[in-house]
Amino acid sequence: MDARRTQLWQAMGLGPIYRLRGATTQPSVTSEAARPAIDRAAAIARLDWKELRQEVAGCRACTLCETRKQTVFGVGNANAEWMLIGEAPGAEEDARGEPFVGQAGRLLDNMLASIGMSREGQTPKSVYIANVLKCRPPGNRNPQPEEVAKCEPFLLRQIELVAPALIVVMGRFAAQSLLGTDASIASLRGKPHWINVAGRQIPVVVTYHPAYLLRNLIDKEKSWADLCLARTVHTAD
Ligand code: URA
């Protein structure tokens, strides 16, 4: 097990929840101290869309609730074939309550448009977009392991409810969190990975974060290659 995922599980006070879901090995014996986190994750895993949205909106599980303007749940087609996952809301998302509405979001929309996809509508070409964290880290600092641990059950439930045929994960932080790895984005790109959510194997394609692309135009070409790879793994139609 890699260090990053161990750190996350420890922050949750949990044995390996991914192992429980994926059932690849036997779970470790659960301590009494871990029960509340397990109970919380299990309760979240039973919520429907409306309940999940309400739970996120009222969440006070970590200190980010003290500085956020509002939570940023997710947007798009709840039955999308493609689900896109970013890191955390920035200032504009915190103000508007929707993921990727700032400059990076406009680039993301343009990238999606270039392959005929969009966050609008309810067609097979309509994606669902969410973040690892539902609250803005102050000053856009990096998310902390305990924040990710508290928010992870929300994202897992969103993935389970959308049941996408493909996940595109954007940026190093989201890729490492979702895949449970410390590997660099360069080494993660270029091939599909697989995650198991609630017993479903889902392919994951890793690409650069749009905010990174705004600063590193040269890598836009690589992100185009990533979208082409994603289409090879699953074409929505
Ligand atoms: N960056 C992200 O990762 N998510 C957003 O919603 C906005 C910027």
Side-chain angles (χ1 to χ4, degrees), residues 1-12 14 16-19 21-22 24-25 64 82-90 93 99-100 102-105 107-108 110-112 114-115 127 129-134 136-137 139-152 155-156 158-159 164-197 201-234:
M1 188 188 323
D2 65 88
R4 188 179 178 87
R5 182 147 300 277
T6 306
Q7 205 184 6
L8 279 176
W9 282 330
Q10 280 169 350
M12 281 178 91
L14 280 178
I17 194 161
Y18 270 106
R19 287 189 183 184
R21 287 164 183 270
T24 48
T25 55
L64 294 183
W82 280 31
M83 180 164 175
L84 276 67
I85 299 178
E87 177 174 324
E93 289 77 20
F100 285 100
Q103 215 190 341
L107 174 58
L108 177 60
N110 289 338
M111 287 164 60
L112 286 172
S114 73
I115 52 167
V127 303
I129 307 176
N131 284 312
V132 173
L133 289 192
K134 310 302 183 212
R136 181 190 182 209
N140 296 343
R141 65 155 168 75
N142 284 339
Q144 300 300 300
E146 18 354 309
E147 295 160 359
V148 177
K150 294 285 189 234
C151 239
E152 190 173 54
L155 180 64
L156 290 175
Q158 283 176 303
I159 296 172
L166 171 77
I167 292 176
V168 177
V169 67
M170 300 174 288
R172 180 181 62 86
F173 175 84
Q176 291 181 342
S177 295
L178 198 69
L179 298 175
T181 178
D182 289 327
S184 69
I185 196 150
S187 68
L188 293 171
R189 286 185 54 252
K191 56 182 178 280
H193 304 264
W194 292 84
I195 59 166
N196 186 318
V197 177
Q201 291 286 118
I202 306 173
V204 177
V205 169
V206 175
T207 191
Y208 292 108
H209 194 285
Y212 166 86
L213 293 175
L214 288 171
R215 300 187 303 269
N216 298 274
L217 297 180
I218 190 104
D219 281 333
K220 272 192 181 173
E221 210 172 305
K222 292 186 191 160
S223 74
W224 172 249
D226 298 333
L227 287 182
C228 292
L229 169 65
R231 273 203 302 191
T232 309
V233 175
H234 177 80

If you draw a 6.0 Å radius around CG in Leu217, do more than 12 non-hydrogen atoms from other residues or ligands fall strictly inside? yes

Check step by step if side chain to side chain contact (heavy atoms under 4.5 Å, CB included) holds for Met170 and Thr207. CA-CA 5 Å; Met170 300 174 288; Thr207 191; 3.9 Å; yes

Spatial distance of atom CZ (Arg172) from atom CG (Asp182) [nearest 0.5 Å]: 9.5 Å

Could you go step by step and tell me if Ile85 and Val204 meet the side chain to side chain contact (heavy atoms under 4.5 Å, CB included) rule? CA-CA 10 Å; Ile85 299 178; Val204 177; over 6 Å; no

Taking all non-hydrogen atoms of both residues into account, name the closest pair between Pro143 and Glu87 and its distance. CD-OE2, 3.3 Å

Step by step, work out the side chain to side chain contact (heavy atoms under 4.5 Å, CB included) result for Asn131 and Phe100. CA-CA 9 Å; Asn131 284 312; Phe100 285 100; 3.6 Å; yes

Where is the tightest heavy-atom contact between Val205 and Asp226, given as atom of each residue plus distance? CG1-O, 3.7 Å

Show, in sequence, the C-alpha distance, side-chain angles and deciding distance for Leu179 and Ile195, and conclude whether the side chain to side chain contact (heavy atoms under 4.5 Å, CB included) test is met. CA-CA 7 Å; Leu179 298 175; Ile195 59 166; 3.7 Å; yes

Partner set under salt bridge (Lys or Arg N to Asp or Glu O under 4.0 Å) for Arg215, not counting sequence neighbours: none

Reported CG-to-CD distance for the pair Leu64 and Glu146, which is rounded to 0.5 angstrom: 9.5 Å

So which atom in Arg141 and which in Gln144 form the shortest heavy-atom distance, rounded to 0.1 Å? NH1-CG, 3.6 Å

Mind checking whether Ile185 and His209 have side chains closer than 4.5 Å, heavy atoms only? no

To the nearest 0.5 angstrom, please state how far the CG atom of Leu112 sits from the CG atom of Leu107. 9.5 Å

Atom pair CG (Leu156) and SG (Cys151), whose distance is rounded to the nearest 0.5 Å: 10.5 Å

Given side chains that start at C-beta, do those of His234 and Pro203 come closer than 4.5 Å, heavy atoms only? no

Residues forming a salt bridge (Lys or Arg N to Asp or Glu O under 4.0 Å) with Lys191, sequence neighbours excluded: none

A side-chain contact here means heavy atoms from C-beta on lying under 4.5 Å apart; do Leu178 and Leu155 qualify? yes

Check Met83 against Ala130 and note the closest heavy-atom contact, atom names and distance. CE-CB, 4.1 Å

Between Ala174 and Gly86, what is the shortest heavy-atom contact and its length? CB-O, 3.6 Å

Roughly how far, to the nearest 0.5 Å, is OG of Ser177 from CG of Leu133? 8.0 Å

Are the side chain of Glu93 and the backbone N or O of Gly102 linked by a donor-acceptor pair below 3.5 Å? yes

Where Leu188 and Ala175 come nearest, the two heavy atoms and their spacing: CD1-CB, 4.1 Å

Is the shortest side-chain heavy-atom distance between Tyr208 and Arg189 below 4.5 Å? yes

Neighbour count >12 (heavy atoms, 6.0 Å) for atom CD, Glu221: no

